[in-house]
Structure formats: structure tokens, C-alpha cells
Amino acid sequence: MTNPKPRDFLNHLETYLAKRDGVDKLLKISRYTTKIILASSLIPQTNPLTHRLKTFESSVGVSRKAFRLGKFVQDINALRASRWDSNRDLVILMILAYGGEGVYYFVEQFIWLSKSGLIDAKWLQKISAWAELVGYVGSVSLKVRDLREIKEEEACVASTIEISVTRGIGCECEEEKMKKLKEKKTLKVLSVLQDVADGLMTVADLRDGKGVLSAPSLIASAGLFSAVISTHKNWVSC
């Protein structure tokens, strides 16, 4: 089997940056890298650069909200495409995942207008955070179910390969399938870790930055960790 020709980097980058999520995740990396610098003691609080970094971080945060305009539609479509004849537990998890995320993205539009100074809707931030947390709970639960199914499929393929080797039969197709399953599992595990990191930041928002798990350096690191994972996933998929 011939290896596919590697994609041209600049063409790949153009495709990546043409997507809303591509630019959004680069902004996320910029924002949380800045937050890590501010949370550390690298720059004294009295240094003029500190104020500039705070202004930059705040500006990037508002810009990211603008990229979420209309994004709730994808969750509506996901719910429409869902199989409602599935078992009840799966249906509940889909409602939590897509419904929670959809409400979050919908409310975020008004929070963007509020932060832009057009309306006063600060009271919506708690609703947004709770909806986001519900979405993460549903999303993680669905992905854990997917991981179980992938592991079961891996076990079946591994058994087929073992039998083929014992009988001296070629098993190139099964080995290729196993390779794809491992790649799929890796991406799914990274996606779960990303949701957990984002969920940690959401809990910190709900607790108004109080508690051990709400330390600025920890939250900034979780944000950067999540951003790097999502950037990798988007890069691979585009």
C-alpha cells in the first residue's frame, strides 16, 4: 500500500484558517498564553506591558465571542440528525450535550453584545456557564460511550489478526483497520481531556474564581491545554 502524498503546508494552512474554528482556536491559544504570563511573576504588575497584555487578553476574549455568532445552529442540526429511536439513556445524553451547548452558544451572542457595550446583559453569564457545563457533562458521557465501542471493536479486530497469523493468512486489511481505530481512539481521548479542561474553567466561572481549582495559573493552563488539543484536532480534520 502506497503512502498518501503529504499535503502542501501552505495550502493546508489556508484551508485551516478559512474555517471559523481554526481562527477561533488560534485566538484561544493567544488568550490563554497571555493569561499564563499574567498569572506568573514574569512581568511586574507595575510594568506598562502588564496593562497592555490585560487589554490584549480582554480584546481577544470579546473577539472570540464574535466568532460564535450563529454557531448554535450546528447543535440544532445535530439534534435533528440524532436517532430518537435509540435507547433512553443515549437520547438523554444527546439532549444534554447538544442542547446544553446550543443554549450556551445562543446566549453567548447576547453576552458578546453586552461586552461590546450595546446592551446590558451581564446577568446572562451564569445561564451561559450552566448551559456550557451541562453540555460538557453530556459530551464527555457520549465520548466515553464511544471509547467503549472502539475498544470492543479493537478487541474483535485483534482477535481476527491473531487467528489470521496463526493460520498463516495475510491480514493487511485488519492491520490497517486496527491502525485507524487506534488513531480514532487517540483523538477521542484527547477530545475527552479537552472537555474536562474546558469544564474545569466553566466551574471556576460559576464559583467566581473561588477555590483551589480556580487558581488563575491553573485555569490559564487548562485553557491553553484545551486550545492546543482542539487546534490539533481541527488541523488533522481539515
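We number each residue from 1, following the sequence as shown.
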- Contact summary for Lys28 and Ala227, nearest pair of heavy atoms: CG-CB, 3.6 Å
- Co-membership, hydrophobic cluster, residues Ile76 and Val107, 4.5 Å side-chain: yes
- Hey, any chance Val73 and Tyr105 share a hydrophobic cluster, counting ILVMFWY side chains that come within less than 4.5 Å of each other, even indirectly? yes
- Task: Give every residue pair that meets the salt bridge (Lys or Arg N to Asp or Glu O under 4.0 Å) criterion with at least one member in residues 30-51, sequence neighbours excluded.
- Result: Arg31-Glu57, Lys35-Glu57
- Message: Please give me the minimum heavy-atom distance between Ala97 and Leu142, naming the atom from each residue.
- Response: CB-CD1, 3.7 Å
- Give a yes or no on whether the backbone of Ile111 and the side-chain of Gln125 come within a donor-acceptor separation of less than 3.5 Å. no
- Query: Hey, are the side chains of Ser30 and Phe56 touching, using non-hydrogen atoms and a 4.5 Å cut-off?
  - Reply: yes
- Item | OG1-CD1 distance between Thr34 and Ile29, expressed to the nearest 0.5 angstrom | 11.5 Å
- Taking the side chain as every heavy atom from C-beta outward, state whether Met178 and Lys182 have any pair of such atoms under 4.5 Å apart. yes
- Got more than 12 heavy atoms from elsewhere within 6.0 Å of CD, Glu14? no
- Do we see a donor-acceptor contact under 3.5 Å between the side chains of Glu132 and Thr202? yes
- Note on the structure: Checking Phe106, Tyr104, Tyr98 against Phe72 for ring pair (Phe, Tyr, Trp, His ring centres under 6.0 Å), the one that qualifies is Phe106
- Query: Does Ser226 offer a backbone N or O that forms a donor-acceptor pair with the side chain of Ser230 under 3.5 Å?
  - Reply: yes
- Message: To the nearest 0.5 Å, what is the distance between NZ on Lys151 and CG on Asp146?
- Response: 12.5 Å
For a quick test of your reading: what N or O donor-acceptor pairs under 3.5 Å do the side chains of residues 44-54 make, sequence neighbours left out?
residue: Asn47; atom: OD1; partner: Leu49; partner atom: N; Å: 2.9
residue: Thr50; atom: OG1; partner: Pro44; partner atom: O; Å: 2.7
residue: Thr50; atom: OG1; partner: Asn47; partner atom: O; Å: 3.4

- Query: Between Lys71 and Asp21, is there a side-chain N and carboxylate O pair less than 4.0 Å apart?
  - Reply: yes
- Message: Rounded at 0.5 Å granularity, tell me how far CD1 in Ile150 sits from CD in Glu152.
- Response: 10.5 Å
- Task: Return the minimal non-hydrogen interatomic distance between Ala131 and Val103, and the atom names on each side.
- Result: CB-CG1, 3.7 Å
Taking only distance into account, with no hydrogens and no angle test, what donor-acceptor pairs under 3.5 Å do side-chain atoms of residues 113-120 form with protein atoms, sequence neighbours excluded?
residue: Ser114; atom: OG; partner: Ala121; partner atom: N; Å: 3.3
residue: Ser116; atom: OG; partner: Trp112; partner atom: O; Å: 2.8
residue: Ser116; atom: OG; partner: Trp112; partner atom: NE1; Å: 3.4

- Query: Do the side chains of Ile92 and Arg88 get nearer than 4.5 Å, heavy atoms only?
  - Reply: yes
- Query: Is the closest side-chain heavy-atom distance between Leu17 and Leu26 below 4.5 Å?
  - Reply: yes
- Query: Among all residues two or more places apart in sequence or in another chain, which pass the side chain to side chain donor-acceptor pair (under 3.5 Å) test with Asn234?
  - Reply: none
- Note on the structure: Between the CD atom in Gln194 and the NZ atom in Lys25, the distance rounded to the nearest 0.5 Å is 6.0 Å
- Message: Starting from Val140, can I reach Leu90 by hopping between I/L/V/M/F/W/Y residues whose side chains sit under 4.5 Å apart?
- Response: no
- Query: Are the side chain of Ser159 and the backbone N or O of Ala155 linked by a donor-acceptor pair below 3.5 Å?
  - Reply: no
- Message: With ring-ring contact (aromatic ring centres under 6.0 Å, His included) as the rule and sequence neighbours excluded, what pairs involving residues 171-210 come up?
- Response: none
- Message: The criterion is salt bridge (Lys or Arg N to Asp or Glu O under 4.0 Å); which residues satisfy it with Asp195, sequence neighbours excluded?
- Response: Lys143
- Task: Mind listing the closest non-hydrogen atom pair of Gly100 and Val134 along with its distance?
- Result: CA-CG1, 4.4 Å
- Message: In terms of relative ring orientation, are Trp235 and Phe9 parallel, tilted or perpendicular, with 30° and 60° separating the classes?
- Response: tilted
- Determine, step by step, whether Glu149 and Glu153 satisfy the side chain to side chain contact (heavy atoms under 4.5 Å, CB included) criterion, reporting the C-alpha distance in whole Å, the side-chain angles of both residues, the deciding distance to 0.1 Å, and the verdict. CA-CA 6 Å; Glu149 292 177 0; Glu153 196 172 352; over 6 Å; no
- Are Thr15 and Arg7 close enough that some pair of their side-chain heavy atoms sits under 4.5 Å apart? yes
- Note on the structure: So the ring-ring contact (aromatic ring centres under 6.0 Å, His included) pairs with at least one residue in residues 127-162 (sequence neighbours excluded) are none
- Message: Among residues at least two apart in sequence or on other chains, which ones pass ring-ring contact (aromatic ring centres under 6.0 Å, His included) with Phe67?
- Response: none
- Item | Which residues share a salt bridge (Lys or Arg N to Asp or Glu O under 4.0 Å) with Glu175, sequence neighbours left out | none
- Message: Could you tell me if the side chain of Cys238 sits less than 4.5 Å from the side chain of Lys19, heavy atoms only?
- Response: yes
- Item | Nearest heavy-atom neighbours spanning Lys126 and Asp205 | NZ-O, 3.5 Å
- Query: Does Glu108 have any salt bridge (Lys or Arg N to Asp or Glu O under 4.0 Å) partners at least two apart in sequence or in another chain, and if so, which?
  - Reply: Lys65, Arg68
- Partners meeting ring-ring contact (aromatic ring centres under 6.0 Å, His included) with Phe225 (sequence neighbours left out): none
- Tell me who clusters with Leu187, hydrophobic residues only, linked when side chains sit under 4.5 Å apart either directly or through other members. none
- Query: Do the side chains of Leu93 and Leu79 join up, straight or via other hydrophobic residues, at under 4.5 Å, putting them in one cluster?
  - Reply: yes
- Test side chain to side chain contact (heavy atoms under 4.5 Å, CB included) applied to Trp84 and Ile95, step by step: CA-CA 10 Å; Trp84 298 105; Ile95 292 174; 3.9 Å; yes
- Message: Before you tell me yes or no, could you show the steps for Leu38 and Ile43 under side chain to side chain contact (heavy atoms under 4.5 Å, CB included), namely the whole-Å CA-CA distance, both residues' side-chain angles and the distance that decides it to 0.1 Å?
- Response: CA-CA 7 Å; Leu38 290 171; Ile43 304 175; over 6 Å; no
- Message: Test your reading of the model: is there a side-chain donor-acceptor pair from Ser128 to the backbone of Leu124, 3.5 Å cut-off?
- Response: no
- Starting at OG1 of Thr231, measure out to CG of Asp24 and round the result to the nearest 0.5 Å. 9.0 Å
- Task: To the nearest 0.5 angstrom, please state how far the CD1 atom of Ile161 sits from the CD atom of Glu154.
- Result: 10.0 Å
- Note on the structure: Tightest non-hydrogen contact, residues Leu200 and Ala222, listed as CD2-CB, 4.2 Å
- Query: Taking a hydrophobic cluster as the set of Ile, Leu, Val, Met, Phe, Trp and Tyr residues connected by side-chain heavy atoms closer than 4.5 Å, whether directly or through intermediates, do Val196 and Val189 fall within one such cluster?
  - Reply: yes
